[in-house]
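Since the structure comes first, as structure tokens, the remarks are kept for the end.
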Amino acid sequence: MRDGSGVIQCVAVKSALPEELFESLKNLTQESSLIVRGKLRAEPRAHGGFELDVESAEIVQRVSEDDPYPITPKDHGVDFLMDHRHLWLRSRRQNAVIHVRHEIIKAIRDYFDSNGYVLVDTPIFTPAACEGTSTLFEVDYFEDEKVFLTQSGQLYGEATAMAFGKTYNFGPVFRAEKSKTRRHLTEFWMVEPELAFADLEDIKRVGEELVLFVIGRVLEKRREELKILERDTSKLEAVKAPFHRISYDDAVAKLQAKGSEIQWGMDLGNTDETLITDDLDRPVMIDRYPSSVKAFYFQPAPDRPEVAMGVDFIATEGYGEIIGGGQRIHDYDLLLRRIQEHNLPPEAFNWYLDLRKYGSVPHGGFGMGVERFVAWMCGLEHIRETIAFPRMLYRTTP
RNA sequence: UCCUCAGUAGCUCAAUGGUAGAGCAUUCGGCUGUUAACCGAAGGGUUGUAGGUUCGAGUCCUACCUGAGGAGCCA
């Protein structure tokens with residue numbers, strides 16, 4: 001029997017039960033629902049060390065053998081399992097993944113809540129692109145108006161940081177890119193802290209602290225689930241401070257030495273991300289990317305205006321970028337120039353520019369993708385198992 | 001959007017261009033401190049769709065549909 005928190009073997013003894021009840025229990029089908037009462041007994045032969053001797057039972061709903069439970073203990077294909085995601089969630093592995101996800105989200109919130117951050121959630125309907133790069137989902141919004149599903153709460157986060165000092169937002173974001181890989185969803189959850197009076201080094205420190213805090217919590221509270229998932233926890237235990245810190249320049253040199261085709265000025269590809277961490281046991285922070293591959297709002301380096309004060313955290317074991325962020329431009333004139341250079345409509349950014357007119361301060365933040373983090377913690381092959389009902393390029397059901 | 005691969009029983013997969021099979025699941029019988037039980041039997045098929053080549057197509061060709069992996073882009 002399974003109740004969501006665990007599994008226990010129940011034993012019905014023929015001589016101890018009414019014949020009718022024993023027969024109905026004997027003929028039960030997989031995934032039928034029932035209420036059982038009985039005596040708990042230590043039993044070394046049983047999983048978990050305990051068994052329940054059935055004294056009474058009530059069958060709530062019996063699954064018909066004409067239409068048996070579709071998911072069997074044997075192998076199933078991905079397509080079949082995804083079509084039955086609403087049932088697949090009952091399995092031991094999926095149950096463990098979702099429990100780890102729950103723990104990660106709770107740990108993220110605990111970290112920020114206990115470090116002086118205020119949760120200020122940002123809108124999901126937004127008037128325009130946050131970064132001017134990604135493809136957005138368009139939504140009809142009354143009377144011929146169009147709005148878009150947010151791809152990031154960051155710009156609003158900058159406003160809340162100016163109002164509250166340290167804030168974070170935590171919600172779903174949407175990307176309409178036709179990405180078809182094991183790392184992409186069209187709808188996923190992202191946590192985005194934003195800090196006033198912060199520079200790139202502060203952002204790196206907070207990101208490192210957060211990652212370590214969350215890993216520590218998962219290892220502390222979810223050993224059982226990681227065991228079910230057959231996760232090699234030594235890989236997670238090896239993740240300690242300090243993370244590797246290298247510049248984009250050094251990353252390119254290292255990648256070229258390892259045979260990558262990358263040239264200075266190009267963004268890192270998926271294979272580059274895997275390549276750069278394959279000999280490391282803790283994440284690497286890569287900072288000071290060329291401004292041309294980063295969003296318009298990144299602060300340029302004081303000594304080298306062609307590079308941006310942004311940082312990406314690349315997880316170990318090929319799980320790729322889990323954090324992206326950095327220091328934002330706080331100067332009005334520079335920000336306006338960047339908006340124009342990126343051919344963005346300045347009038348759409350009036351409120352954002354206001355933040356640089358009224359008491360602007362150096363500030364920064366980052367975004368962390370929850371599902372990628374869950375995949376990393378659980379050691380999953382594919383991000384689709386990290387959320388109860390994944391939304392992907394070609395899947396919006398169940 | 002592009003590249004590669006796949007689509008056969010409820011599920012997972014076999015089948016040199018020559019009679020479509022197995023395991024699991026289901027049903028029946030047997031056996032059993034089992035825990036992916038085991039033994040025996042039965043039912044279960046328009047081989048993704050539409051064309052084409054051929055004496056003959058699950059197999060070869062074309063188009064389309066569906067799915068998977070990857071690229072680009074990103075978290």
Side-chain angles (χ1 to χ4, degrees), chain A residues 1-2 7-14 26-27 29-31 41 43-53 63-84 87-88 91-92 129-136 150-154 170-192 207 211 261 266-274 289 293-295 310-315 319-325 366-376 381-384 386-387 392-395 397:
Chain A
M1 274 193 83
R2 167 179 65 70
V7 176
I8 191 165
Q9 181 164 273
C10 302
V11 182
V13 178
K14 192 171 185 177
K26 190 179 170 188
N27 292 317
T29 43
Q30 191 190 354
E31 282 298 311
R41 173 169 50 77
E43 171 52 74
R45 283 173 296 187
H47 277 306
F50 290 90
E51 268 182 4
L52 191 77
D53 283 328
V63 175
S64 165
E65 41 276 290
D66 296 333
D67 188 7
Y69 189 67
I71 299 178
T72 69
K74 287 281 183 175
D75 285 341
H76 293 287
V78 170
D79 192 31
F80 176 83
L81 288 170
M82 289 309 301
D83 282 342
H84 295 84
L87 303 176
W88 188 22
S91 77
R92 212 171 162 75
C130 283
E131 308 188 4
T133 50
S134 294
T135 322
L136 303 177
T150 185
Q151 53 154 332
S152 162
Q154 185 210 306
F170 200 151
V173 293
F174 307 86
R175 304 280 167 94
E177 264 125 17
K178 294 199 167 178
S179 299
K180 188 170 162 45
T181 80
R182 69 181 77 189
R183 295 176 180 185
H184 287 88
L185 300 170
T186 52
E187 175 185 311
F188 64 97
W189 286 69
M190 190 155 71
V191 58
E192 296 177 286
V211 170
E261 301 281 299
M266 292 163 60
D267 208 350
L268 271 66
N270 253 345
T271 43
D272 291 325
E273 288 184 356
T274 304
Y289 281 75
V293 300
K294 286 289 169 186
V311 60
D312 287 348
F313 285 49
I314 313 296
Y319 282 93
E321 186 184 341
I322 48 164
I323 282 180
F366 61 83
M368 183 169 87
V370 168
E371 284 75 15
R372 283 196 185 168
F373 203 98
V374 175
W376 183 32
E381 276 290 303
H382 201 297
I383 200 167
R384 64 185 156 225
T386 63
I387 186 166
M392 298 181 289
L393 179 51
Y394 295 121
R395 170 153 320 261
T397 55

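So that the names make sense, note that chain A is the first sequence line, chain B the second, and so on, each numbered from 1.
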Kindly point out which of [options] is positioned nearest to the side chain of [X]?
X: A/F80; options: B/rU1, B/rG69, B/rU12; value: B/rU12
X: A/D267; options: B/rG67, B/rC74, B/rU1; value: B/rC74
X: A/E273; options: B/rU12, B/rA68, B/rC74; value: B/rC74

If you look at every strand shown and take non-hydrogen atoms under 4.0 Å, does [X] touch a base, only sugar-phosphate, or nothing?
X: A/I323; answer: sugar-phosphate
X: A/R183; answer: base
X: A/E321; answer: sugar-phosphate
X: A/H84; answer: nothing
X: A/D67; answer: nothing
X: A/R41; answer: base

With distance as the sole test, does [X] use its side chain to make a donor-acceptor pair with the main-chain N or O of [Y] at under 3.5 Å?
X: A/T186; Y: A/A176; answer: no
X: A/E192; Y: A/G153; answer: yes
X: A/E273; Y: A/E321; answer: yes
X: A/R395; Y: A/T397; answer: yes
X: A/Q30; Y: A/I71; answer: yes

Taking the same atom, [atom1], in [N] and in [M], what whole-Å distance lies between them?
N: B/rU62; M: B/rA71; atom1: P; answer: 27 Å
N: B/rC55; M: B/rG40; atom1: C1'; answer: 43 Å
N: B/rU16; M: B/rA57; atom1: C1'; answer: 13 Å
N: B/rG58; M: B/rU49; atom1: C1'; answer: 15 Å
N: B/rG45; M: B/rG30; atom1: C1'; answer: 30 Å
N: B/rU8; M: B/rU47; atom1: C1'; answer: 4 Å
N: B/rA25; M: B/rG10; atom1: C1'; answer: 7 Å
N: B/rG17; M: B/rC38; atom1: P; answer: 35 Å

Euclidean distance, atom [atom1] of residue [X] to atom [atom2] of [N] [Å, nearest integer]:
X: A/N27; N: B/rG29; atom1: CG; atom2: P; answer: 10 Å
X: A/L136; N: B/rC73; atom1: CG; atom2: P; answer: 18 Å
X: A/H184; N: B/rA68; atom1: NE2; atom2: C1'; answer: 16 Å
X: A/K178; N: B/rG70; atom1: NZ; atom2: C1'; answer: 17 Å
X: A/L268; N: B/rC73; atom1: CG; atom2: C1'; answer: 13 Å
X: A/L81; N: B/rG67; atom1: CG; atom2: C1'; answer: 13 Å
X: A/Q151; N: B/rC73; atom1: CD; atom2: P; answer: 15 Å
X: A/Y289; N: B/rC73; atom1: OH; atom2: P; answer: 12 Å

Side chains of A/Y289 and A/D312, donor plus acceptor under 3.5 Å
yes
Could you write out each protein N or O paired with an N or O of nucleotides 20-28 of chain B at a distance under 3.5 Å?
residue : atom : partner : partner atom : Å
B/rU27  : OP1  : A/E65   : OE1          : 2.9

For A/R395 and for A/I383, find the nucleotide of RNA chain B with the closest heavy atom, then tell me which residue's nucleotide is more 5'.
A/R395
Mapping A/R182 and A/L393 to their closest nucleotides on RNA chain B, which lands nearer the 5' end?
A/L393
Considering all heavy atoms, the nearest A/L87-A/Y69 contact
O-OH, 3.1 Å
Does a nitrogen or oxygen in the side chain of [X] sit under 4.0 Å from OP1 or OP2 of [N]?
X: A/H76; N: B/rG10; value: no
X: A/R384; N: B/rG69; value: yes
X: A/N270; N: B/rA71; value: yes
X: A/K180; N: B/rG70; value: no

Is any NZ, NE, NH1 or NH2 atom of the basic residue among A/E43 and A/R41 found under 4.0 Å from an Asp or Glu carboxylate oxygen of the other?
yes
When you check the gap from the basic side-chain N to the acidic O, do A/E371 and A/R183 get nearer than 4.0 Å?
no
Go through it in stages, so that I can follow the logic: the residues are A/F188 and A/I387, the test is side-chain contact (heavy atoms from CB on, under 4.5 Å), and I'd like the CA-CA distance, side-chain angles, deciding distance and then a yes or no.
CA-CA 8 Å; A/F188 64 97; A/I387 186 166; 6.0 Å; no
Please work out which of the three classes, parallel, tilted or perpendicular, describes the rings of A/F80 and A/H76, given edges at 30° and 60°.
parallel
Whether over 12 other heavy atoms sit under 6.0 Å from A/R92 CZ
no
Ranges pairing with ranges for RNA chain B, where each run has three or more Watson-Crick or G-U pairs under 3.5 Å:
B:1-7 with B:65-71, B:10-13 with B:21-24, B:26-30 with B:38-42, B:48-52 with B:60-64
